[in-house]
Each structure stands twice: as structure tokens, then as C-alpha cells.
Amino acid sequence: MEWPAHPTETCLAHLRAGGRVVIPGSRLRGVAALVGSVLFTVVCASLLVFFLRSAVLAADAEQWWATLLHPVTWASLAGIVFFGPVGVPLLIRRLLRREALVLSPRGLSGCRYRDLGGGQTGEVPWSDIAGFEGRRGPRGAGFTVQYTLTAEGQARLQRSLAAHGTRAPARTVFTVRPGFEGGPRRLLAFLTAAHASALAQPPRQHPFRA
């Protein structure tokens with residue numbers, strides 16, 4: 001079952017019944033980024049053509065070199081490379097391989113939207129999460145969703161990563177990657193409700209408990 005395609009209460013009931021809920025990455029956001037990259041490439045190419053055409057029409061060697069060394073010329077060229085051959089394929093790849101959040105009765109995890117039939121990775125048990133909160137970044141940065149690990153959750157994370165030879169981060173607050181359907185504010189409300197609903201259920205066997 002997917003959220004927000006289905007109502008919140010329906011998804012919560014599905015979770016309580018033992019099912020899982022998928023929150024896909026926003027396709028609209030990916031398409032908007034791709035269109036923006038293409039438009040920036042066109043603008044940069046237009047500027048570059050305009051400057052080079054002006055230099056050619058001037059038929060003046062001094063004017064030609066001045067145009068060639070002008071910062072706008074190099075900025076336009078850099079913009080064409082960055083937003084065109086580099087940016088467009090990368091954004092298409094991200095659009096085709098968009099991520100998804102997967103909520104289960106055990107916890108929260110992430111995976112590729114096209115790989116929902118496979119195993120998701122990085123599951124965080126609901127019991128290891130103290131709560132969710134929203135935070136706006138400095139200087140007008142976007143609204144993000146964060147969750148805080150409990151002391152037991154942090155200790156379990158450290159043991160799990162140490163078993164794989166990886167050093168656990170010292171922080172206890174983690175940010176949910178932005179760009180999922182529904183927007184960050186609705187996502188915050190849904191994750192908070194799912195967390196409260198999961199904790200109200202009878203305890204299940206912990207997936208990482210020895």
C-alpha cells in the first residue's frame with residue numbers, strides 16, 4: 001500500500017494489521033529538476049552563442065580575445081557542461097531509480113522504488129526512535145524531517161555497525177532524505193502517527209536482537 005495515494009487512517013490500519021506502507025519519492029520533483037537543468041543548458045548555450053557571434057561580427061582580433069577571455073563566456077561553457085552532459089543523465093538516472101521509504105510493523109527503512117520486491121536496507125526499529133520533528137535549515141533552507149534515536153537505539157546502532165567493521169556516528173539525530181511524495185510537513189505528521197501507532201502495538205521480536 002502506498003501513501004499518500006491512500007488515506008492516512010487506511011495506511012495506519014494496514015500497518016497495524018501487519019502490512020507495510022510505501023512512500024515513494026516524488027516523480028514531480030525529479031521531472032522539475034530535469035526540466036530546470038535542460039532550461040539552464042539552453043540559456044547558457046544561448047549566452048555563449050551570442051558572445052561568440054558578437055566577436056565574429058566585430059572582425060576585430062582584440063574584440064575576439066576579449067570575448068574569449070570574458071568571464072561570461074567561461075561561465076556559459078561551464079554551465080553547458082554541468083547542466084547538460086553531466087546534469088541531465090544524472091537526473092534521468094535518479095528519476096528512474098527514485099527512492100522510497102518503507103514502513104513495516106517493525107520499523108522504518110529505505111530502498112529503491114523499483115526494487116520493492118527485494119530486501120530493503122537500513123531498517124530502524126520503531127522502538128529505537130524517540131520521536132520525529134521538523135526543522136527548517138538556516139537562511140531559508142527547506143523544511144526537513146528528522147528523527148532522534150533513543151539511548152538504547154544508539155547503543156544498538158553502534159553494536160550493529162561495529163560488527164560490520166564500521167564506526168557508528170556520534171550523533172543521535174538523523175535527517176530523512178527530502179523529496180518524498182506528500183511533502184515534508186505531511187510526511188512528518190504521517191511518520192509521527194505511524195510511530196505512535198507502532199509503539200501502541202504489542203512488542204514484536206527485535207530483528208537485530210541476539
Least distance between heavy atoms, A100 atom then P24 atom: CB-CA, 4.0 Å

Short side-chain to backbone donor-acceptor contact, H6 and M1, under 3.5 Å: no

Minimum side-chain heavy-atom gap L77-T73 below 4.5 Å: no

Within-4.5 Å side-chain heavy-atom neighbours: E181 and P4: yes

Close side-chain approach of L187 and I23, heavy atoms under 4.5 Å: yes

Geometric cation-pi criterion, R135 with F143: 6.0 Å, 45°: no

Single-linkage hydrophobic cluster, 4.5 Å side-chain cutoff, F132 and V124 together: yes

Considering all heavy atoms, the nearest D128-G153 contact: CG-CA, 3.4 Å

Verdict with reasoning, I80 to L48, per side-chain contact (heavy atoms from CB on, under 4.5 Å): CA-CA 9 Å; I80 293 173; L48 182 62; 3.8 Å; yes

Under 3.5 Å: donor-acceptor pair, side chain of T41, backbone of G84: yes

Heavy-atom side-chain proximity of V21 to F190 below 4.5 angstrom: yes

Non-hydrogen atoms of P105 and L15 that approach each other most closely: CG-O, 3.5 Å

Distance-only polar pair, side chains of T175 and Q146, donor-acceptor under 3.5 Å: yes

Short side-chain to backbone donor-acceptor contact, S37 and F83, under 3.5 Å: yes

Audit row: L108, L101, side-chain contact (heavy atoms from CB on, under 4.5 Å) steps and yes/no: CA-CA 7 Å; L108 173 70; L101 286 178; 4.2 Å; yes

Cluster overlap V81 with V38, hydrophobic side-chain contacts below 4.5 Å: no

Side chain H195, main chain W126, donor-acceptor under 3.5 Å: yes

Transitive ILVMFWY side-chain link I92 to V86, under 4.5 Å: no

I129-L199 co-clustered via ILVMFWY side chain contacts under 4.5 Å: yes

Pairwise side-chain contact, E2 with C11, heavy-atom cut-off 4.5 Å (strictly under): no

From CD (E133) to OH (Y147), nearest 0.5 Å: 12.5 Å

Worked verdict on L103 versus W3 for side-chain contact (heavy atoms from CB on, under 4.5 Å): CA-CA 10 Å; L103 283 63; W3 181 91; over 6 Å; no

F174/L157 under side-chain contact (heavy atoms from CB on, under 4.5 Å): CA gap, chis, key distance, verdict: CA-CA 12 Å; F174 296 84; L157 175 63; 4.0 Å; yes

Any side-chain heavy-atom pair of L188 and V176 under 4.5 Å: no

Co-membership, hydrophobic cluster, residues V43 and V49, 4.5 Å side-chain: no

Any donor-acceptor N/O pair, S46 side chain to V42 backbone, under 3.5 Å: yes

Nearest-0.5 Å distance, CD of residue E9 to NE2 of residue H14: 14.5 Å

